[in-house]
Amino acid sequence: MDLFDYMRETNKKSESPLASRMRPESLDEIVGQEHIIGRDKLLYRAIKADKLGSVLLFGPPGTGKTTIAKVIAHTTNADFEQLNATTAGKKDMEEVVVRAKQNMAAYARKTILFIDEIHRFNKAQQDYLLPFVEDGTIILIGATTENPYFEVNRALLSRSRLFELKPLSSQDIKKLVLRAVADDKKGMGMYHAYIDDNAASFISDIAEGDARTALNAVELGVLTTDPEPDGRIHLTIDVMQECIQKRAIGYDKDGNNHYDTISAFIKSMRGSDPDAAVYYLARMLEAGEDIKFIARRIMICASEDVGNADPMALNVAVSASLAVERVGMPEARILLSQAAVYVASAPKSNASYLAVNAAIAKVKETGNLPIPVYLRDIHYEENASEAAGRGHFAGNGTGYKYAHDYPGHYVEQQYLPDEVKDEHFYNPGTNGYENTIHGYFKKTGRE
């Protein structure tokens, strides 16, 4: 590295965004993801012992995938190479492989290759990595925001351990925000900034698990806010609202108003009051609540509280959820209003909700009871003797009564295991369409 390269790296570190500067350099600095990076967890122990195998990290943006890779880079004795699949190609990978082979031959030193956005590589590009991951020439760390089971080659998946990163909690993000504001070396401490508790709680909650979003807003607030007479920059909730372009109505330090409002919204729909539902919807929209979050709550209510009393309620809610993602605000307010009003006005039944809860309780109590032989799959194996050797029997399916062969497309038949054959989990009510279901059950003697 010459003087110019050194100066470029130095300036890059000091002038890079706050979210980049605040990346942890050790395992103990990482906030959140304790389910995979806690002290007793496999990934933590593998990194500490510098015995890491190929891994794939997947999860939403801002949850720490690149952070973990950078910590590995600071921890390992292996050479660390980094590529971004949005800009890199096969030629870049070939160059990394050549250097990895040279390092292994000359110094017996391994090479870790971190590929961000690995799902952007096509099948041929991913296939190129397989032999080098297989023979240990490189240790692969892949990061993706997509489901790896759909976006990463199965052969590459089988050679890697999967670790799912989850959205950070608001408490985790608040801890990062406070750290960034106070840090004199990498953070905003040199500006003598101060963030009050309401503002920190608001930005931590509204960031929805994305640390980068919260830190970007904090940096913008510090850099665009004039100091107070005491010489300090005060980051208030008003400043944070401007920085993230979302308003907060009545946010308190514990975020109780946020949870109270969504609770009132759901209970209004459940209680069949469309006026109240629209009112609380309006409060959430004015507060800058995420429209996808609101849509999810409407979908849940449509199934949990309306259910089969009006099966169209779920269709309306799901359609609205898909539509708001395509349309966005401000027009999304109309779609959400239509869905909320429909769900609030629909006849109600929680029979499906109670049914699955009762069934889960029974499964936990009794375990996996034997399925009646005539209900079992008959396609385990083409070869009956091979099937028998695996514990499958050629008699599977024998005695099954095909409902469509009988009058009314119904025939009495036991479907539950013998031990629970008399259980009734789903008990339809008499509201809306469930009254039709109830009548059909009565007609066929299944009350």
Should F425 and L354 count as side-chain neighbours, where that means a heavy-atom distance under 4.5 Å? no

Ignoring hydrogens and geometry, is there a side-chain-to-backbone donor-acceptor pair from S158 to A155 under 3.5 Å? yes

Would you check if the side chain of E219 reaches a backbone N or O of L18 as a donor-acceptor pair within less than 3.5 Å? yes

Please check if the side chain of Q33 supplies one atom and the backbone of L165 the other of a donor-acceptor pair under 3.5 Å. no

Does atom OH (Y353) have a neighbourhood of more than 12 heavy atoms from anything else shown, all under 6.0 Å? no

Any side-chain heavy atom of M284 sitting closer than 4.5 Å to one from I262? yes

Would you find a donor on one side and an acceptor on the other, under 3.5 Å apart, between the side chain of H35 and the backbone of E164? yes

Would you say the side chain of I141 lies within less than 4.5 Å of the side chain of S54, judging by non-hydrogen atoms? no

Consider only side-chain N and O atoms of D238 and T236, and report whether a donor and an acceptor are under 3.5 Å apart. no

Taking side chain as C-beta onward, heavy atoms only, is I72 less than 4.5 Å from F114? no

Of all heavy-atom pairs linking V71 and E25, the shortest is CG2-C, 4.2 Å

When rounded to the nearest 0.5 angstrom, what distance separates CD1 in I233 from CG in L223? 7.5 Å

Are the side chains of L375 and P372 in contact, using a 4.5 Å heavy-atom criterion? yes

About how many Å separate CG of D183 and CE of M188, when rounded to the nearest 0.5 Å? 10.5 Å

Hydrogens and angles aside, do N198 and S201 bring a side-chain donor and acceptor to less than 3.5 Å of each other? no

First locate atom CD of E81, then atom CG of L140, and finally report the distance between them rounded to the nearest 0.5 Å. 13.0 Å

Taking 4.0 angstrom as the limit, do E134 and R159 come out as a salt bridge? yes

Flag for T75-K48: side-chain donor and acceptor within less than 3.5 Å: no

Between E304 and K348, does a salt bridge (charged side-chain N to carboxylate O under 4.0 Å, His left out) hold up when you go through it step by step? CA-CA 9 Å; E304 179 181 343; K348 302 297 188 294; over 6 Å; no

Heavy-atom count check: over 12 atoms from other residues, nucleotides or ligands less than 6.0 Å from Y415 OH? yes

State whether a side-chain donor-acceptor pair under 3.5 Å links D28 with S26. no

Gap between atom CG of N350 and atom OG of S303 - 0.5 Å precision: 11.0 Å

Under a 3.5 Å distance rule, please check whether R120 uses its side chain to pair with a backbone N or O of T86 as donor and acceptor. no

Ion pair check, E325 and K292, cut-off under 4.0 Å: no

For D205 and S170, indicate whether the former's side chain and the latter's backbone hold a donor-acceptor pair under 3.5 Å. no

Might you point out which heavy atoms bring L113 and I138 nearest each other, and give the distance in Å? CD2-CD1, 4.0 Å

Testing R270, R297, K267 for salt bridge (Lys or Arg N to Asp or Glu O under 4.0 Å) with D305, which one passes? R270

Quick one: does any side-chain atom of S20 pair with a main-chain N or O of S16 as donor and acceptor, under 3.5 Å? no

Using the side-chain contact (heavy atoms from CB on, under 4.5 Å) rule, take E419 and T366 through it: C-alpha gap first, then chi angles, then the decisive distance, then the call. CA-CA 9 Å; E419 293 83 351; T366 59; 6.0 Å; no

Between Y149 and R154, is there a side-chain heavy-atom distance shorter than 4.5 Å? no

Can you list the steps and then say if K401 with D405 is a salt bridge (charged side-chain N to carboxylate O under 4.0 Å, His left out)? CA-CA 8 Å; K401 298 175 184 177; D405 288 340; over 6 Å; no

Short side-chain to backbone donor-acceptor contact, Q413 and A403, under 3.5 Å: no

Crowded around K110 NZ? As in, over 12 foreign heavy atoms under 6.0 Å? no

I118 CD1 to L57 CG distance, which is reported to the nearest 0.5 Å: 10.0 Å

Intermediate values then yes/no, side-chain contact (heavy atoms from CB on, under 4.5 Å), I195 and V177: CA-CA 9 Å; I195 185 168; V177 165; 3.9 Å; yes

Would you say Y406's side chain and E412's backbone share a donor-acceptor pair under 3.5 angstrom? no

Would you call K362-E365 a salt bridge at under 4.0 Å N-O? yes

What heavy-atom pair brings P167 and P60 nearest, and what distance separates the two atoms? CG-CG, 3.9 Å

Provide the closest heavy-atom pair for A214 versus I173 in the form atom of the first, atom of the second, distance. CB-CG2, 3.5 Å

Counting the benzene-type ring for Trp, do F132 and Y128 have ring centres under 6.0 Å apart? yes

Nearest heavy-atom neighbours spanning G59 and K65: O-NZ, 3.1 Å

Candidate pair T76 and L52, rule side-chain contact (heavy atoms from CB on, under 4.5 Å), full reasoning: CA-CA 9 Å; T76 185; L52 189 71; over 6 Å; no

Atom CG of D273 and atom OH of Y279: how far apart are they, to the nearest 0.5 Å? 12.5 Å

Are D210 and P61 packed together at the side-chain level, in the sense that at least one heavy-atom pair is separated by less than 4.5 angstrom? yes

For Q338, does the CD atom have more than 12 heavy-atom neighbours from other residues, nucleotides or ligands under 6.0 Å away? no

Backbone of R333 reached by a side-chain donor or acceptor of S337 within 3.5 Å: no

Can N84 and T87 be said to form a side-chain hydrogen bond (donor to acceptor under 3.5 Å, both in side chains), step by step? CA-CA 6 Å; N84 190 304; T87 57; 4.8 Å; no

With a 6.0 Å cut-off (strictly less than), is the heavy-atom count around OH of Y433, excluding the residue itself, greater than 12? no

For D116 and A143, work out which heavy atoms get closest and say how close. OD1-CB, 3.6 Å

Check whether any side-chain heavy atom of L335 lies under 4.5 Å from a side-chain heavy atom of V327, and answer yes or no. yes

Verify whether one side chain among E434 and S349 offers a donor that lies under 3.5 Å from an acceptor in the other. yes

Verdict with supporting geometry, I294 and D290, side-chain contact (heavy atoms from CB on, under 4.5 Å): CA-CA 7 Å; I294 298 172; D290 179 23; over 6 Å; no

Within a 6.0 Å radius of atom CD1 on I371, are there more than 12 heavy atoms belonging to other residues, nucleotides or ligands? no

Please determine whether a side-chain nitrogen of the Lys or Arg among D197 and K174 lies less than 4.0 Å from a carboxylate oxygen of the Asp or Glu. yes

